[in-house]
Amino acid sequence: MKLPGEAWLEFKIVNNILIQEATFRPLGLWGRLYWYVVLPFHGYIFKGMIKKLADEK
């Protein structure tokens with residue numbers, strides 16, 4: 001995926017709880033603008049992703 005910066009997802013299991021952490025390192029002004037434009041959607045997307053992963057058997 002091409003982004004104006006670097007991004008990665010990290011998953012951990014701590015005390016039997018799945019933890020998801022998204023990191024984005026913006027590159028310049030376009031990177032910062034991108035982050036703030038898509039920020040409202042991240043909660044919805046990531047919450048659905050972690051729920052789907054946790055529900056898989």
Side-chain angles (χ1 to χ4, degrees):
M1 183 172 179
K2 289 195 171 211
L3 297 171
E6 296 177 309
W8 60 94
L9 285 173
E10 182 178 351
F11 297 92
K12 298 184 242 182
I13 298 176
V14 178
N15 295 328
N16 229 13
I17 297 172
L18 179 60
I19 299 170
Q20 177 186 25
E21 184 175 307
T23 303
F24 180 68
R25 187 179 306 156
L27 184 61
L29 177 62
W30 291 118
R32 292 185 190 278
L33 287 173
Y34 166 82
W35 179 253
Y36 287 110
V37 167
V38 299
L39 186 62
F41 304 103
H42 280 128
Y44 174 75
I45 292 167
F46 291 147
K47 183 177 180 181
M49 181 187 301
I50 199 82
K51 183 169 177 19
K52 181 77 171 167
L53 286 170
D55 289 345
E56 290 294 320
K57 295 178 183 171

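Keep in mind that the numbers below use all heavy atoms, side chains included, and drop hydrogens, waters and symmetry copies.
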Nearest non-hydrogen partners of M49 and F11, listed with the distance: SD-CZ, 4.2 Å
4.5 Å side-chain heavy-atom contact, W35 and P26: no
Y36-V38 co-clustered via ILVMFWY side chain contacts under 4.5 Å: yes
Minimum-distance pair of heavy atoms, taken over all atoms of F24 and P4: CZ-O, 3.7 Å
Nonpolar side-chain network containing L29, other nodes, edges under 4.5 Å: W30, L33
same_hphob_cluster(I19, I45) at 4.5 Å side-chain heavy-atom cutoff: no
E6: side chain to side chain contact (heavy atoms under 4.5 Å, CB included) partners, not counting sequence neighbours: W8, R25
